[in-house]
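Written below as structure tokens is the structure these notes are about.
Note: hydrogens, waters and symmetry copies are ignored here, and every other heavy atom, side chains too, is used. Since we're looking at a predicted model, the values are computed, not measured.
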Amino acid sequence: QGLLVESGGGLVQAGGSLRLSCSASRSIFSISTMGWYRQAPGKQRELVAAITKGGSTNYADSVKGRFTISRDNAENTVDLQMNSLKPEDTAVYYCNLAIPALDLNYWGQGTQVTVSS
């Protein structure tokens with residue numbers, strides 16, 4: 001097991017929903033900014049959503065209104081609720097933990113999300 005462990009990926013029909021979860025080390029989660037990135041074949045990795053330790057969020061324009069990022073500092077998890085999924089959401093989704101002040105950046109192993117038309 002690594003510091004970040006993702007779960008929840010899978011195959012879903014367009015219009016459906018998935019919930020991704022990332023579990024992090026208890027010792028560093030609460031002071032970290034957490035994010036979800038994705039990378040589709042032939043494309044660069046892109047930020048999907050991020051949430052700071054204080055709960056501030058930001059989203060890629062392509063997912064606003066459809067995806068919601070949340071964190072539970074007691075459980076050391078960050079989730080990505082994905083609704084109204086589209087085929088173009090198909091990608092490998094990666095959990096990211098960052099502490100910018102310490103130049104710390106750590107990645108999960110990735111989880112595949114496939115949305116069929």
Please determine whether side-chain contact (heavy atoms from CB on, under 4.5 Å) holds for the pair Tyr94 and Gln109, giving the CA-CA distance in whole Å, both sets of side-chain angles, and the decisive distance to 0.1 Å.
CA-CA 7 Å; Tyr94 297 92; Gln109 81 288 346; over 6 Å; no
Using every non-hydrogen atom in the two residues, find where [X] and [Y] come nearest and quote the distance to one decimal.
| X | Y | answer |
| --- | --- | --- |
| Asp79 | Cys22 | OD1-N, 4.3 Å |
| Ala91 | Ala40 | CB-N, 3.8 Å |
| Ala14 | Ser117 | CB-CA, 4.4 Å |

So if you build clusters from Ile, Leu, Val, Met, Phe, Trp, Tyr with side-chain heavy-atom gaps below 4.5 Å, do [X] and [Y] land together?
| X | Y | answer |
| --- | --- | --- |
| Val92 | Val48 | no |
| Ile69 | Tyr93 | yes |
| Trp107 | Val5 | no |
| Leu85 | Leu11 | no |

Between atom [atom1] of [X] and atom [atom2] of [Y], what is the distance when rounded to the nearest 0.5 Å?
| X | Y | atom1 | atom2 | result |
| --- | --- | --- | --- | --- |
| Leu80 | Leu18 | CG | CG | 9.5 Å |
| Arg19 | Phe67 | CZ | CZ | 13.0 Å |
| Ile51 | Ser32 | CD1 | OG | 12.5 Å |

Whether over 12 other heavy atoms sit under 6.0 Å from Glu88 CD
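Correct, the count exceeds 12.
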Heavy atoms, side chains only, cut-off 4.5 Å: are [X] and [Y] in contact?
| X | Y | value |
| --- | --- | --- |
| Leu97 | Leu3 | no |
| Lys53 | Ser30 | no |
| Trp36 | Val78 | yes |

Residue list, side-chain contact (heavy atoms from CB on, under 4.5 Å) with Leu47, at least two apart or on another chain:
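Partners of Leu47 by the side-chain contact (heavy atoms from CB on, under 4.5 Å) criterion, ordered by chain and then number, come out as Tyr37, Ala50, Asn58.
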Partners of Thr90 by side-chain contact (heavy atoms from CB on, under 4.5 Å), sequence neighbours excluded?
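Expected list: Gln112, Thr114, Val115.
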Sub-3.5 Å donor-acceptor pair from the side chain of Arg71 to the main-chain atoms of Thr33, do we have one?
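Pair absent, no side-chain N/O of Arg71 close to backbone of Thr33.
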Within the distance-only criterion (no hydrogens, no angle test), does the side chain of Glu6 pair as donor or acceptor with the backbone N or O of Gly110 below 3.5 angstrom?
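Between the backbone of Gly110 and the side chain of Glu6 there is a qualifying donor-acceptor contact (under 3.5 Å).
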Can you spot which of Met82, Arg38, Glu46 makes a side-chain contact (heavy atoms from CB on, under 4.5 Å) with Val63?
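Between Val63 and the candidates, side-chain contact (heavy atoms from CB on, under 4.5 Å) is satisfied uniquely by Arg38.
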Listed partners of Glu75 passing salt bridge (Lys or Arg N to Asp or Glu O under 4.0 Å), at least two apart:
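Salt bridge (Lys or Arg N to Asp or Glu O under 4.0 Å) check on Glu75 returns nothing, list empty.
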Apply the test side-chain contact (heavy atoms from CB on, under 4.5 Å) to residues Leu20 and Val113: give CA-CA distance (whole Å), side-chain angles for both, the deciding distance (0.1 Å), then the verdict.
CA-CA 9 Å; Leu20 306 183; Val113 171; 4.0 Å; yes
Looking just at side-chain N and O atoms, do Asn83 and Gln81 make a donor-acceptor pair shorter than 3.5 Å?
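The answer is yes; a qualifying pair exists.
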Test salt bridge (charged side-chain N to carboxylate O under 4.0 Å, His left out) on Lys86 and Asp89; report intermediate values, then the result.
CA-CA 5 Å; Lys86 305 174 181 179; Asp89 294 318; over 6 Å; no
Flag this pair as yes if the NZ/CZ of Arg66 is under 6.0 angstrom from the six-membered ring centre of Tyr59 and inside a 45 degree cone about the axis; otherwise no.
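Judged by the rule (NZ or CZ under 6.0 Å from the ring centre, within 45° of its axis), Arg66 is not positioned above Tyr59.
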